[in-house]
Amino acid sequence: MRQLKIFFVLITSCLFLSATCLGQEISLYNQFNGRYDYLAIGNTLNAAENNLSTGFCDTLPASSATLNLSDDYNIIAAYLYWAGSGEGDLNIAVNNVDIQAEETYYVDYNDPNYGPLTYFSCFTNITTLILDQGNTSYEISNLDISQALANNPGYCGNRTNFAGWSIYVVYENNNLPLNQINLFQGLEIINRNVQEKNILLENVNVLDNQGAKIGFLTWEGDAALNYGESLFINNNLLSNPPLNPSDNAFNGTNSFTNSNTLYNCDIDYYNIQNYIAIGDTAVNIKLTTGDFNESGGFSADLIIINNIITVLNSQLPDATITLDNYALECGNRNIILTYTVHNANSTDVLPANTPITFYADNTNIGTTQTNSNLAIGTTESGSLQVTIPESLGQEFTIQAIVDDTGNGAGIVTELNETNNTSNPLAVALLTITNTTLPPLAGCDSGYNQTFFNLTAHLMDIEPNGAPFSFYTSLEDLQNNTFEIITPENFQNTTTPQTIYVKSPTQDCYQIFNFNVLVENCPPTIPQVFTPNNDGYNDWFNIQGLYHIFEHHKLLIYNRWGTLIFEGDNDTPWEGRANRGLNNQGDLLPVGTYFYVLYLNDPHYEKSITGWVYLNR
């Protein structure tokens, strides 16, 4: 597939109810032949999207955009377009240099509410200025449509008050293929009444269609409105989601910079190489507008086509590929493949994003693409991780095919279409073992958590001199992520919790796994406590009880056998009574008290009893 680029300028308005419009037919303006290409910059003079904000009518006094061409690009021509509401401001300034229009185009629209409205577009050659100033920021100022807006409320009333500009630069580079650039200009329109416009470009000769593009500059494109604004090339609907959906081509975006805040202005392009055939002498462009809005009424945009540019390329690349090496990953069926794409026996650049598909025993296992344009005689190396399906077993043969989208079809027309397949690589996957070890138990320190020395299980693994590593998931072990840094002091998060150990071997590694279990161990009961508010030993602190045996019950009796306190996990004994008729809440006297502790745990069915001394 070969190279055709199309770039065209559109001017759109919004929500018109009916229209009577006049314009100038698109026709060829200029032609360039050589190792040429082009780019476009520009900006809007609208402060916001005027279909979302109705509070402004005037436009900004100036706006700017930056030209950034490589040093080895030779500027051939540069053209400035500016447009807006009204009959036109024919004199503006670029970086404070006065510019006068060489050509001015008009289109008329008869609004049913406001009467006749006119919109304009101006054009002039600014090659000398661009050559003088080069790569810099270009500010457009003195584009004044204030009188038109003030004299006719229709522009702001139907929210078609806009102004903006764009610069096209045609440049030469010896590394470019031989191209023909055709610049078409005029002013044509579609609207609610005429919802479709077909433009036939007959001054073309498609010798090569790789990298074909169509682009446009539009005014009054609103992100909030998508009333069937569609663009077709040879009856093929174009889209570039998410920046440019197929039903809202004019939505305030710039696909050169991926901006979606180019209020009421669009500088966009589409790839259309699949929609133009080699040998074509004409290209049909169709624009549509009109759809039902949310309230059920019919709405449409007014679209004005200003210019079209075609770029034709007749050179051809020749893509070949070699599989250089592979690396196996232990613990899964992943393989890292390294490869080299060549553009050796060619007459043109092999474009970036040329697809590459990898096959294992004729099964598609992964796709990628080239990253950059490959000049004649150059190469590009890369790598890709692929996953081998279980159905292919442990041994298989891998091959790569360049210019293959995954189904045997390519997108690049080449000098030789039969040499895209690489050398075969025979591969045998590395296998590992996963051995389960006995569990490791620890006493609950609270909330079903405790600390474990995971290295205690290393004695069960035959040492091989390599360091062990510990993980909480098999996925982390395989990916070498989130390793347990201090396995000698590991706190669990669940119980049971599985721990995975990686033990490296010469070619791969082994996996061992074991569970850590939190157990409720018998509590440790003190013999004395001193509730005197000195901050030390102020309550009957039974170690290993609270938040471990969450359902326990503690009973305290005085020496006469009277129940004076009953506690649970939320009510520890602080030396005060909460049972009995008298002295509830009072600090109890010094003396010996009898306790009965029910753990209410299936592993500890018997109660624990004893004496504790309460002192001051």
Side-chain angles (χ1 to χ4, degrees), residues 5-15 38-60 62-68 81-85 121 137-140 143 158-169 213-233 237-272 287-291 293-294 299-307 309 352-353:
K5 296 180 181 178
I6 299 179
F7 193 101
F8 63 95
V9 173
L10 309 174
I11 302 176
T12 72
S13 66
C14 56
L15 293 177
Y38 74 95
L39 61 78
I41 65 172
N43 208 339
T44 178
L45 289 172
N46 281 42
E49 182 176 316
N50 58 19
N51 264 286
L52 293 178
S53 175
T54 60
F56 71 93
C57 184
D58 53 349
T59 55
L60 299 173
S63 66
S64 61
T66 299
L67 178 65
N68 187 16
Y81 297 86
W82 66 95
S85 307
S121 175
S137 178
Y138 288 89
E139 182 185 76
I140 305 301
L143 203 177
N158 65 13
R159 288 178 286 182
T160 60
N161 47 302
F162 77 92
W165 59 275
S166 181
I167 296 175
Y168 294 101
V169 177
K213 296 179 183 178
I214 187 167
F216 54 84
L217 166 67
T218 73
W219 313 105
E220 276 302 312
D222 300 294
L225 303 176
N226 56 331
Y227 297 131
E229 299 174 17
S230 298
L231 177 65
F232 295 82
I233 296 297
L237 178 63
L238 301 185
S239 65
N240 181 28
L243 205 63
N244 299 112
S246 60
D247 63 346
N248 195 8
F250 319 121
N251 57 352
T253 58
N254 183 342
S255 54
F256 288 94
T257 62
N258 289 321
S259 170
N260 62 359
T261 57
L262 208 65
Y263 304 122
N264 303 102
C265 175
D266 282 87
I267 302 176
D268 291 312
Y269 63 87
Y270 295 90
N271 295 318
I272 59 169
L287 299 95
T288 67
T289 185
D291 201 352
N293 55 41
E294 295 180 356
S299 299
D301 277 10
L302 183 145
I303 303 173
I304 304 172
I305 310 155
N306 198 173
N307 78 20
I309 297 179
N353 304 320

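Computed over heavy atoms, backbone and side chain alike; hydrogens, waters and symmetry mates excluded. Bear in mind the structure is a predicted one, so any value in this text is a computation, not a measurement.
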Going from OG on S255 to CG on L262, what distance comes out if it is rounded to the nearest 0.5 angstrom? 10.5 Å
Taking every non-hydrogen atom, the tightest pair across A65 and G42: CB-O, 3.6 Å
Is the backbone of C57 close enough, under 3.5 Å, to the side chain of N161 for a donor and an acceptor to pair up by distance? yes
With N50 as reference, evaluate T59, T160, N264 under the side chain to side chain donor-acceptor pair (under 3.5 Å) test and give the passing residue. N264
Any chance you could measure L238, atom CG, to S246, atom OG, to the nearest 0.5 Å? 9.5 Å
Heavy-atom donor-acceptor pair, E49 side chain to A223 backbone, under 3.5 Å: yes
Backbone N or O of T44 within a donor-acceptor pair of the S63 side chain at under 3.5 Å? yes
Donor-acceptor contact present, side-chain D247 to main-chain G228, <3.5 Å: no
When rounded to the nearest 0.5 angstrom, what distance separates SG in C265 from CG in L45? 9.5 Å
T66 side-chain N/O to S137 backbone N/O, donor-acceptor pair under 3.5 Å: no
Between V169 and L67, does the side chain to side chain contact (heavy atoms under 4.5 Å, CB included) criterion hold? Intermediate values first, please. CA-CA 9 Å; V169 177; L67 178 65; 4.2 Å; yes
Might you work through the side chain to side chain contact (heavy atoms under 4.5 Å, CB included) test for N244 and N251, ending with a clear yes or no? CA-CA 7 Å; N244 299 112; N251 57 352; 3.2 Å; yes
Please assess L237 against S230 for the test side chain to side chain contact (heavy atoms under 4.5 Å, CB included), listing each intermediate value before the final yes or no. CA-CA 7 Å; L237 178 63; S230 298; 3.7 Å; yes
Give, for atom CZ of F232 and atom CG of L287, the distance between the pair rounded to the nearest 0.5 Å. 9.5 Å
Could you tell me if D268 and T253 have a donor-acceptor pair between their side chains, going purely by distance under 3.5 Å? yes
Please determine whether side chain to side chain contact (heavy atoms under 4.5 Å, CB included) holds for the pair I140 and W82, giving the CA-CA distance in whole Å, both sets of side-chain angles, and the decisive distance to 0.1 Å. CA-CA 9 Å; I140 305 301; W82 66 95; 5.6 Å; no
Can you name the residues that form a side chain to side chain contact (heavy atoms under 4.5 Å, CB included) with A62, not counting sequence neighbours? E139, S141
d(N46 CG, D58 CG) to nearest 0.5 Å is 10.0 Å
Output all residues satisfying side chain to side chain contact (heavy atoms under 4.5 Å, CB included) with A249, sequence neighbours left out; order by chain, then residue number. F216, Y270
Nearest-0.5 Å distance that lies between atom CD1 in I41 and atom CG in N68: 10.0 Å
